[in-house]
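The block underneath contains the structure these notes are about, expressed in structure tokens.
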Amino acid sequence: MEISIDRILLSMGAGEEQRPEAIAAFIRGVTDGSVSRPQAAAWLAWAFHRRLTPAETAVFTREMTDSGDVLAWPEGPELVDKHSTGGVGDKVSLVLAPLWAELGLRVPMISGRGLGHTGGTLDKLEAIPGFRTDLTKPELDKALASVGAFISGQTGEVAPADRVLYALRNETQTVPSIPLICGSILSKKIAEGVQRLVLDVKVGSGAFMKTREEALDLAQTLVDTAVANGVHAEACMTAMDRPLGRAVGNANEVIESMDCLKGGGPADLRELVLVLAGHPDAASVLDSGAALERFRHMVEAQGGDGGVVDDPSRLLGAGTEEQVVRASRGGIIRAVDALSIGRAAFGLGAGRLRAEDPVDFGVGVELLATVGDHVVQGDAIARVAHRSERGLGPAVREIQSAFDLGDQPGDPLPLLLQRVTARE
Ligand code: URA
């Protein structure tokens with residue numbers, strides 16, 4: 001017999017651990033609408049204050065996954081994906097998907113759009129003329145079989161319970177709960193039908209998790225919950241106190257990704273790609289240019305202009321103007337605050353506040369100097385691409401304030417802070 005929402009709410013009052021059947025009934029009721037919004041809000045408030053146990057989190061995640069479509073793929077090489085909790089200049093997915101495919105893995109990457117100061121993988125890819133992020137399941141099947149990787153948006157109904165609960169969490173201030181965040185992130189990733197997941201949990205001003213302690217809590221919860229749901233998982237906690245790489249925007253991030261895919265690009269981007277790829281041949285595949293060719297195939301399989309690989313000027317968003325930002329004093333660059341740079345790019349039009357807002361592919365920030373560099377007053381430290389001066393004044397001020405210049409070196413976080421594996 002189905003457990004009623006009244007009984008579920010009463011048992012929560014008694015402080016008991018939720019039985020798997022009760023969590024399943026709750027998620028079913030959220031999905032079919034038989035659990036009312038106030039009832040769901042009461043459940044969320046309880047889960048927020050009491051914190052779901054690891055066993056409850058695992059069941060919550062599985063039921064959220066099963067509330068919608070779960071993608072299935074034919075037999076073949078291992079299915080792997082990466083999820084990042086989001087950061088400024090984080091373009092790793094654009095490099096990792098073709099790299100893993102070139103290494104013989106299959107990468108069914110369902111990705112999202114940017115919100116606020118962090119960019120979104122789909123927005124960046126849409127800077128490529130013709131690139132489609134709305135592939136249907138038969139098109140995804142074809143792309144995975146022919147290229148070994150795709151990066152596209154959600155198809156069908158992925159984790160519809162999460163859509164309802166995420167909106168309610170926003171309204172009831174219950175977003176910052178590690179088990180609820182974990183269920184929300186993993187339900188959408190497990191629904192991709194992957195066998196292995198690499199989680200990049202960012203730490204620092206530009207990240208969702210500002211402190212190392214919070215990031216470790218999220219990383220461990222994600223890994224344990226994924227493993228409890230039959231997905232091999234490992235997390236890397238990585239630095240987001242400064243932007244990743246030099247380019248922050250959309251088209252400029254595609255260019256930087258292509259540089260990395262042919263063995264060049266900024267050292268920190270390459271290092272992070274290699275850490276997350278976790279494969280002994282990853283560096284040589286980048287250096288050979290084979291990963292860049294795989295990227296071209298992926299772009300063409302998704303309707304995009306593969307010619308951008310040879311001629312990046314074909315990326316969308318031309319017609320911007322440039323302004324150089326100069327060091328206000330001489331010294332060592334102690335820090336470049338990720339959040340400030342993210343806000344600068346957002347204000348120029350590279351990001352969006354609401355899911356339906358457009359982004360300007362051509363605007364953004366390029367860092368010309370970074371942490372540890374010595375500069376003299378007046379040196380160029382950043383280049384801003386703007387359109388008709390939109391957001392230019394505040395962006396320049398944000399960039400100036402992002403650069404911490406001093407006489408002694410700063411104390412940046414190591415790029416890889418910690419690896420997190422499943423608890424026994
Ligand atoms: N991202 C998600 O998908 N869900 C959360 O709850 C937080 C971040």
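Only heavy atoms go into these numbers, but all of them, side chains included; no hydrogens, no water, no symmetry mates. Both counts, for ligands and for their atoms, begin at 1 and track the order of listing.
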Show the atoms of ligand 1 that are less than 4.0 angstrom away from any heavy atom in [X].
{"X": "Ser184", "value": "2 (C), 3 (O), 4 (N), 5 (C), 6 (O)"}
{"X": "Lys188", "value": "2 (C), 3 (O)"}
{"X": "Ile181", "value": "6 (O), 7 (C)"}

Kindly assign one of parallel, tilted or perpendicular to the pair Trp43 and Phe26, based on the angle between their ring planes and the thresholds 30° and 60°.
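Ring orientation, 0 to 90° scale: parallel.
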How about Glu389 and Gln323: do any of their side-chain heavy atoms sit closer than 4.5 Å?
no
Distance-only donor-acceptor check, side chains Ser205 and Asp241, under 3.5 Å:
no
Under the side chain to side chain contact (heavy atoms under 4.5 Å, CB included) test, residues paired with Asp268 that sit two or more places apart:
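Expected list: Leu244, Pro266, Leu415.
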Taking only Lys NZ, Arg NE, NH1 and NH2, and the carboxylate oxygens of Asp or Glu, determine whether Asp200 and Lys82 approach each other closer than 4.0 Å.
no
To the nearest 0.1 Å, how far is atom 8 (C) of ligand 1 from its closest protein heavy atom, and which atom is that?
Tyr166 OH, 3.7 Å
Report yes or no: does a heavy atom of Val175 sit under 4.0 Å from some atom of ligand 1?
no
